[in-house]
Amino acid sequence: MKRTISLTAALTAAVLFLLPSCLGKGKNTPLNPQIPPISTLTGKVEKRTTTRLDANLKEESRIEETFRKSGGLLSKLTYTKASDGTLKVTDRLTNTYDEQGNRLIQEHEVTKEGGQTERTRLKYTYRAFSPSVSYVSRIDEYDTQDRLVKSTAYELEGSRLQREIETTYSYEGGAQKPKVVLRTSYDFISAIIVGRTFQLVPNPKNPQQEIALWHKQATFRTDYYGRKVYEEVLSYDTTQPAGQQDLKKPLGATVSTWRYGAMGDVAVELRETHGRRSQEELDKDPQHKLTYLKLIDRYFYEGKYSRPNNEGFPTQLDVTIEQGVAKVKTTYSCTISYTYFK
């Protein structure tokens, strides 16, 4: 069977070192450990229904997910309460796979409050890494009118993702025109991966040459499955001329951490957003004790599963969400039911 590795998995050399055991080959030894499935649902659960309850324990929203037996999400339907009190689908996500298990198409449809529907379609193109392993080499994104709005190409060097080229298209005047081409190069520092995103623009001092206008820098770590567990993204001021940007003074920063549960879901997520201090704040700090950036927003999520059924899967989810610098807390509970493969 031909297997697919994720792009973030391709970023870490350890993943390819572990590929034989990931593909069910080799022995369970310290040099070739047996990696468990990314989710305990794989091969067992065909459908999972998560129902959110309000304070009166009445159904407020519902999420229905269906899975492939060999792993992978087939569909995810999100139901929310309409004005008439009934639950209606407002978010629909579907994936299409080929016989080898490669995801070919992802379609996402969102219904707004006014009834308008927005659709996004992602098309995946693969390239062989070896006779038994392939990776995503390009992702094309189409809008509601099925127009190409973004195309992202990925290039490996050896076992690592080294370059990423993202082209965004606009349709002003009815014609497709390249709008922005962003390039990302990756460097590896032990388990840390650094991606630097830039745009090639004419050199102000020599318009016949092109130099980098820096957009952002992402520093992150992944787990064995290629999922991000830590990420820090610095954004830069692109209104400054290329070659004159002060990269020591970013516009802002976003720092995120994730922990995952046995079913592959996010168990804990923390996202902190930092922005520039005002000049007035900096002027009142002559000894420069203040950091250049300050916390301006915060999001925290924690989901705790409990009450396992006879098959060992949890039937209750208790969620805690904290939003904003003030950490405004919201809590709610969900019930979970399952349909199993025969």
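Starting from 1, each residue takes its place in the sequence as its number.
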With a 4.5 Å heavy-atom cut-off, do [X] and [Y] have their side chains touching?
X    : Y    : answer
Y260 : V266 : yes
R52  : Y79  : no
T40  : K44  : no
H108 : D91  : yes

_Working note: D143 + R147, criterion salt bridge (Lys or Arg N to Asp or Glu O under 4.0 Å); need CA distance, chi angles, decisive distance, verdict._
CA-CA 5 Å; D143 64 7; R147 301 178 301 187; 3.0 Å; yes

Between [X] (side chain) and [Y] (backbone), is there a donor-acceptor pair under 3.5 Å?
X    : Y    : result
R276 : Y292 : no
T144 : R119 : yes
T291 : L293 : yes
Y97  : L73  : yes
T315 : R307 : yes
Q245 : D237 : yes

*Do T184 and T197 have side-chain N/O donor and acceptor atoms under 3.5 Å apart?*
yes

_Any donor-acceptor N or O pair under 3.5 Å, side chains T66, S75_ = yes

Heavy-atom pair of closest approach, residues [X] and [Y]:
X    : Y    : value
I336 : P314 : CB-O, 3.8 Å
L213 : P241 : CD1-C, 4.4 Å
Y236 : L247 : CE2-O, 3.5 Å
L104 : Y126 : CD2-CE1, 4.3 Å
V233 : A218 : CG2-CB, 4.1 Å

*So how far is it from Q316 CD to L53 CG, rounded to the nearest 0.5 Å?*
8.5 Å

*Rounded to the nearest 0.5 Å, how far does CD of Q106 lie from OG1 of T120?*
9.5 Å

Quick check: are there more than 12 heavy atoms from other residues, nucleotides or ligands sitting under 6.0 Å from [atom1] of [X]?
X    : atom1 : value
E311 : CD    : yes
D84  : CG    : yes
R277 : CZ    : yes

*Can you label the angle between the Y338 ring and the F313 ring as parallel, tilted or perpendicular, going by 30° and 60°?*
tilted

*Can you list the steps and then say if R163 with E157 is a salt bridge (Lys or Arg N to Asp or Glu O under 4.0 Å)?*
CA-CA 9 Å; R163 285 176 293 275; E157 279 192 5; 2.8 Å; yes

*Checking side chain to side chain contact (heavy atoms under 4.5 Å, CB included) for the pair F300/V268: CA distance, chi angles, key distance, verdict?*
CA-CA 8 Å; F300 172 79; V268 178; 3.8 Å; yes

_Candidate pair L317 and Y305, rule side chain to side chain contact (heavy atoms under 4.5 Å, CB included), full reasoning_ = CA-CA 5 Å; L317 170 63; Y305 291 99; 3.8 Å; yes

*asked:* On the six-membered ring of Y186, is R160 placed so that its NZ or CZ lies under 6.0 angstrom from the centre and within 45° of the ring axis?
replied: no

*Please assess V181 against I165 for the test side chain to side chain contact (heavy atoms under 4.5 Å, CB included), listing each intermediate value before the final yes or no.*
CA-CA 7 Å; V181 178; I165 301 176; 3.9 Å; yes

*Could you go step by step and tell me if R227 and D223 meet the salt bridge (Lys or Arg N to Asp or Glu O under 4.0 Å) rule?*
CA-CA 6 Å; R227 302 175 301 190; D223 63 11; 2.8 Å; yes

